[in-house]
There are 2 protein chains.
Amino acid sequence: MNQMLRKPGGAEPLYQSVKRFIVDRIRSGDWPVDHRVPSETELTRDFGVSRMTVHRALRELSGEGLLTRVQGVGTFVAAGKAQSSPLEIRNIAEEIRARGHTHTSDVRLLRQEPAKGRAARHLGLPDGAPVFHSLMLHRENGIPVQLEERYVNPAVAPDYLDQDFSRVTPNEYLMQAVSPDQVEHLIEAVAPNAATRRLLKIDAREPCLLLERRTWARGAVVTWARLTHPGSRYRLGETFAHRP
Amino acid sequence: MNQMLRKPGGAEPLYQSVKRFIVDRIRSGDWPVDHRVPSETELTRDFGVSRMTVHRALRELSGEGLLTRVQGVGTFVAAGKAQSSPLEIRNIAEEIRARGHTHTSDVRLLRQEPAKGRAARHLGLPDGAPVFHSLMLHRENGIPVQLEERYVNPAVAPDYLDQDFSRVTPNEYLMQAVSPDQVEHLIEAVAPNAATRRLLKIDAREPCLLLERRTWARGAVVTWARLTHPGSRYRLGETFAHRP
DNA sequence: GAGTGGTCTAGACCACAAT
DNA sequence: TTGTGGTCTAGACCACTCG
């Protein structure tokens, strides 16, 4: 029966089971973008639940941006360009997983070096003071979506260099290690330089969305991050309240 | 009957009517923060609809952050009311004047036309329905900084075409004419097309920051605006305190 | 025990799109 | 005409909180 679909733990609503089943198919790659999802009638039969229950699952996934529904036509896996809110401090890995996709990342650089120029000024440190510097490349389903260059104040996060950033993103680590009390964001459209183009695998004509973020904790700058995204693969968004 | 609660236009789902009723009570101040909302049973009786319908309305309002629901206790008007947004609806003219600079603008287009493609979809209107379409160029100290292309729902702002937009920006007019209750923003980096390059006086290599904004009032889309800025002359920025 | 919200069913009618 | 999603009903059982 449909009990087989329930989570082992037991107490999960049926519509959650249906949602989980669909998200798993998308996450695993079984259902690519634009793939047609079984109709409500089919899912009703397959899961042995009522149509209202299936409908709720599909409606919620549609509201979460994972599916697109067209009356009279069907339900499809949403194309969904990457989209996030600049308001909060977003976690790129979580954001990607929330879309049902796979997040992977490479550590391209992780070291201590003398602060110079803008990095020193943004961190509020004297020129030549030691800083931590990291460069990460984040991918969504294998496609580069964010280049994360980050400078970290060693006084605030002394263990930064010892982390395994293949398991926990720098963002995740810093958020739990030193919860910041102030944030600054700047958003710009920029032309990528040669190194950025190579890492993001884009050509010179593609503009990039640059999000710069600084965070503070108890008056000291924690980190200055430059997050560069290919314009064709990422955008920032936010909705206040719901659109009906 | 519950027909009295329906919108004059007719076709509104019942759960929408219930939502609208509650939102109106909150917005008007009748129901302050922490006010207890009538139970599902009471609303079912008052509206003459089934409990499932009432439940959906309350569940969605809860998801949108307007209500808080506690099983076994009741439903209450949520506190909070979002932190100030970095992407509040900005008024380009005011923003420029706040920097001590001079704002000028040209009306390049202002007319009614049949909605097509994206404009129709974004406004939630059928293809070919009449819409208002305007194109404005905004300058800071004589230098173009924003190209504002805007589509407006005639049903919501019927007098749009009669305004003098050399004195009041479309944004200012719409904000005071129909105060929106919902906003959506999207930010992208894009390459400008030929017409945009010519109007903004930039060359093909310069990326542009595109801010798309939709606003709603009482469930209907008011306007969809595409604000294009030269990457070298404009950026979005924001500082705020983080909630611990 | 009474009242609340959370979930679920088995039907129904409708609007819409494709054939 | 067929199949799709959108809405709605009138019940039902459950978990939970409170007096």
Side-chain angles (χ1 to χ4, degrees), chain A residues 1-3 5-7 9-22 34-64 66-78 242-244, chain B residues 1-3 5-7 9-22 34-64 66-78 120-121 124-129 219:
Chain A
M1 284 306 289
N2 57 44
Q3 289 302 328
L5 297 156
R6 307 295 289 252
K7 261 188 149 166
E12 187 192 41
L14 290 173
Y15 72 89
Q16 275 294 353
S17 304
V18 177
K19 287 179 69 171
R20 196 163 48 78
F21 169 80
I22 292 169
D34 280 339
H35 180 269
R36 185 193 183 115
V37 173
S39 72
E40 296 190 353
T41 314
E42 290 173 293
L43 290 170
T44 293
R45 177 168 33 72
D46 296 350
F47 280 78
V49 300
S50 79
R51 195 184 144 218
M52 275 295 278
T53 301
V54 166
H55 180 75
R56 175 170 176 182
L58 294 176
R59 177 159 45 79
E60 292 193 356
L61 288 173
S62 162
E64 292 164 24
L66 271 77
L67 300 179
T68 302
R69 316 198 74 195
V70 184
Q71 195 175 29
V73 181
T75 302
F76 306 87
V77 175
H242 192 64
R243 39 178 218 277
Chain B
M1 283 306 287
N2 57 45
Q3 289 303 328
L5 297 155
R6 307 295 289 255
K7 261 186 151 172
E12 188 192 42
L14 291 173
Y15 73 89
Q16 274 294 352
S17 304
V18 177
K19 287 179 71 172
R20 195 162 49 78
F21 168 82
I22 293 169
D34 280 340
H35 179 270
R36 185 194 181 115
V37 174
S39 73
E40 297 191 353
T41 314
E42 290 173 292
L43 289 170
T44 293
R45 176 167 35 72
D46 296 350
F47 280 79
V49 300
S50 79
R51 197 187 141 215
M52 275 294 278
T53 301
V54 166
H55 179 75
R56 175 170 176 182
L58 294 176
R59 177 159 45 79
E60 292 193 357
L61 288 173
S62 163
E64 292 162 26
L66 272 78
L67 300 178
T68 303
R69 316 198 73 194
V70 185
Q71 196 175 30
V73 181
T75 303
F76 306 88
V77 175
R121 286 201 308 281
L125 297 174
D127 222 79

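Labels below follow one simple rule: chain letters A, B, ... track the order of the sequence lines, proteins then strands, and each chain is numbered from 1.
A salt bridge does not link B:R45 with B:E40: every distance from a Lys NZ or Arg NE/NH1/NH2 to an Asp or Glu carboxylate oxygen is 4.0 Å or more.
In this structure, CZ of B:R56 is placed 14 Å from P of C:dT7, rounded to the nearest angstrom. For the pair B:H55 NE2 and D:dT9 C1', the interatomic distance rounds to 15 Å; values are reported in whole Å. Spacing between atom CZ of B:F47 and atom P of D:dA10 amounts to 16 Å, rounded to whole angstrom units. Going from atom CZ of B:R59 over to atom P of D:dC8 covers 13 Å, rounded to whole Å. The nearest whole Å value for the distance from the CZ atom in A:R69 to the C1' atom in D:dG5 is 6 Å. Atom CG of B:L61 and atom C1' of C:dG5 are 15 Å apart (whole Å). Computed from coordinates, the B:E60 CD to C:dG5 P distance equals 16 Å when rounded to whole Å.
Comparing A:G72 and B:E40 by the nucleotide of DNA chain C that holds the closest heavy atom to each, the one mapping nearer the 5' end is B:E40. Take the nearest nucleotide of DNA chain D for A:E42 and for B:V73: the residue whose nucleotide is more 5' is A:E42. Projected onto DNA chain C by closest heavy-atom contact, B:R36 and A:R51 fall at different nucleotides, the more 5' of which corresponds to B:R36.
Closest to the side chain of B:P13, from the set D:dT7, D:dT17, C:dT4, is D:dT7. Candidate nucleotides D:dG6, D:dT9, C:dC8 were compared by shortest atom distance to the side chain of B:V49, and D:dT9 ranks first. Considering only the side chain of A:M52, D:dT9 comes nearest among C:dA18, D:dT9, D:dG5. In the set D:dC8, C:dC8, C:dG6, the nucleotide with an atom closest to the side chain of B:Q71 is C:dG6. If you check C:dC8, C:dG5, D:dT4 against the side chain of B:S39, the one that comes closest is C:dG5. Ranking C:dT9, C:dG6, C:dA17 by closeness to the A:S50 side chain, first place goes to C:dT9. Of the candidates C:dG6, D:dC18, C:dC8, C:dC8 carries the atom nearest the A:L14 side chain, counting heavy atoms from C-beta on.
For A:T75 and D:dG5, the shortest distance from a side-chain N or O to OP1 or OP2 is below 4.0 Å. Under 4.0 angstrom from either OP1 or OP2 of C:dT7 there lies at least one side-chain N or O belonging to A:Y15.
Note that NZ of A:K19 is 10.0 Å distant from CZ of A:R59, once rounded to the nearest 0.5 Å.
Put simply, the side chain of A:Q16 never gets that close to the backbone of A:P13: no donor and acceptor are under 3.5 Å apart. A side-chain donor-acceptor contact under 3.5 Å links A:E42 to the backbone of A:S39. Proximity of a side-chain donor or acceptor of A:S62 to a complementary backbone N or O of A:L58 within less than 3.5 Å is not detected.
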Practice problem: In sequence, state the C-alpha distance, the side-chain angles, and the governing distance for B:R69 and B:T75, and then conclude on side-chain hydrogen bond (donor to acceptor under 3.5 Å, both in side chains). | Solution: CA-CA 4 Å; B:R69 316 198 73 194; B:T75 303; 3.1 Å; yes
Writing each nucleotide of DNA chain D 5' to 3' as (, ), [, ], | or . by Watson-Crick or G-U pairing under 3.5 Å yields ||||||||||||||||||.
